[in-house]
Amino acid sequence: MSEYLGVPEEMLWPKAVKTAVKTGPDREIVSVYPYRSACPKAVWAELVERAKEQILFAGYTNYFIFLEQPHFHLTLQRKLEQGVRVRFLLGDPESPTTRAREAIEDTPLSVSTRIRIALDNLGRVPAREGLEVRYSAPEDATNHVGLSVFRFDHDALVCPHLARLVGHDSPMMHLRKRDEQGMFDRFAEHAEELWDRAVPA
């Protein structure tokens, strides 16, 4: 109707638009989840599938994606063959930060074990040309372990880790870029800064 009349929607239905359409900085927030594990697996699969330019897993362990998505190493291979840049930023399994986090979480499936699960699965990607894997720099490790950013082109899943909770028990936001220097860009820049200082795994 608005296209036919050549006027903005808010001119025709101002109250309806205000209640149905987000405005302001929070319009980049697509969804929120009280727990990362509450996010449907289909959301992860769709974001990976839709990515045409880049995929960045910048969680400290990133192991869960290989357990939750069937044959994910083959999915990564397919994305690489499509020309998608695929990066994994991990914590160093031997670092003091990793040991400290293991003591805080005090769970049987330790942080270093979870990192090694990710590394083992990344090693199964058939032709790893183009696959980039790094450990966060020692000076960045405490910032990395407390905040996970998973980027798929202009979508990101952001997970701040609370107190002693492991990743799947921490809250998560789904962001989609709509503004310059909005929420999406702020978290994307954080992840890129960690990546730039990271060292090859």
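Keep in mind that what you see is a predicted model, and the values were worked out from it rather than measured. Computed from heavy atoms alone, side chains included, the values below leave out hydrogens, waters and symmetry copies.
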I need the minimum non-hydrogen distance between [X] and [Y], along with the two atoms involved.
X      : Y      : result
Gly59  : Ser148 : CA-OG, 3.4 Å
Val125 : His73  : CG2-O, 3.8 Å
Leu80  : Ala127 : CD1-O, 4.1 Å
Leu89  : Ser136 : CD1-N, 3.7 Å
Ala118 : Leu90  : CB-CD2, 4.1 Å

The criterion is salt bridge (charged side-chain N to carboxylate O under 4.0 Å, His left out); which residues satisfy it with [X], sequence neighbours excluded?
X      : result
Asp120 : Arg124
Arg134 : none
Glu189 : none
Arg151 : none

Close side-chain approach of [X] and [Y], heavy atoms under 4.5 Å:
X      : Y      : value
Val30  : Leu175 : no
Pro160 : Pro171 : yes
Thr113 : Tyr63  : no
Asn121 : Ile65  : no
Phe150 : Leu47  : no
Asp179 : Glu28  : yes
Val111 : Thr61  : yes
Gln69  : Thr75  : no

Would you say [X] and [Y] are hydrophobically clustered, going by side-chain heavy atoms of ILVMFWY under 4.5 Å?
X      : Y      : answer
Phe64  : Leu109 : yes
Leu131 : Val48  : yes
Ile29  : Leu157 : no
Leu76  : Val43  : yes
Val86  : Tyr135 : yes

Just verifying a value: how many Å separate [X] [atom1] and [Y] [atom2], rounded to the nearest 0.5 Å?
X      : Y      : atom1 : atom2 : value
Phe152 : His174 : CZ    : NE2   : 8.5 Å
Cys39  : Met173 : SG    : CE    : 13.0 Å
Ile55  : Lys79  : CD1   : NZ    : 5.5 Å
Asn62  : Leu122 : CG    : CG    : 8.0 Å
Glu94  : Arg99  : CD    : CZ    : 7.5 Å
His161 : Ile104 : NE2   : CD1   : 12.5 Å

Test log, rule side chain to side chain contact (heavy atoms under 4.5 Å, CB included), inputs Val149 and Leu56: CA-CA 8 Å; Val149 178; Leu56 170 60; 5.8 Å; no
Hey, can you pull the donor-acceptor pairs under 3.5 Å for the side chains in residues 193-201, sequence neighbours left out?
from: Glu193; atom 1: OE2; to: Arg197; atom 2: NH1; distance (Å): 3.2
from: Glu193; atom 1: OE2; to: Arg197; atom 2: NH2; distance (Å): 3.1
from: Arg197; atom 1: NE; to: Asp140; atom 2: OD1; distance (Å): 3.4
from: Arg197; atom 1: NE; to: Asp140; atom 2: OD2; distance (Å): 2.8
from: Arg197; atom 1: NH2; to: Asp140; atom 2: OD1; distance (Å): 2.9
from: Arg197; atom 1: NH2; to: Asp140; atom 2: OD2; distance (Å): 3.4

Sequence neighbours excluded, every pair satisfying side-chain hydrogen bond (donor to acceptor under 3.5 Å, both in side chains) that has a member inside residues 32-46: Glu46-Arg50
N-O pairing of Glu102 and Arg114 below 4.0 Å: no
Please list, chain by chain and in numerical order, all residues satisfying side-chain hydrogen bond (donor to acceptor under 3.5 Å, both in side chains) with [X], sequence neighbours excluded.
X     : result
Gln54 : Arg87
Glu53 : none
Thr98 : Tyr60, Ser95

Summary of salt bridge (Lys or Arg N to Asp or Glu O under 4.0 Å) pairs that have at least one residue in residues 57-75, sequence neighbours excluded: none
Donor-acceptor contact below 3.5 Å, side chain Asp153 vs main chain Lys52: yes
Residue pairs involving residues 76-114 (criterion ring-ring contact (aromatic ring centres under 6.0 Å, His included); sequence neighbours excluded): Phe57-Phe88, Phe66-Phe88
Residue Arg78 excluded, over 12 heavy atoms near CZ under 6.0 Å: yes
Flag if over 12 foreign heavy atoms under 6.0 Å of CD, Glu129: no
Listed partners of Glu180 passing side chain to side chain contact (heavy atoms under 4.5 Å, CB included), at least two apart: Lys177, Asp185
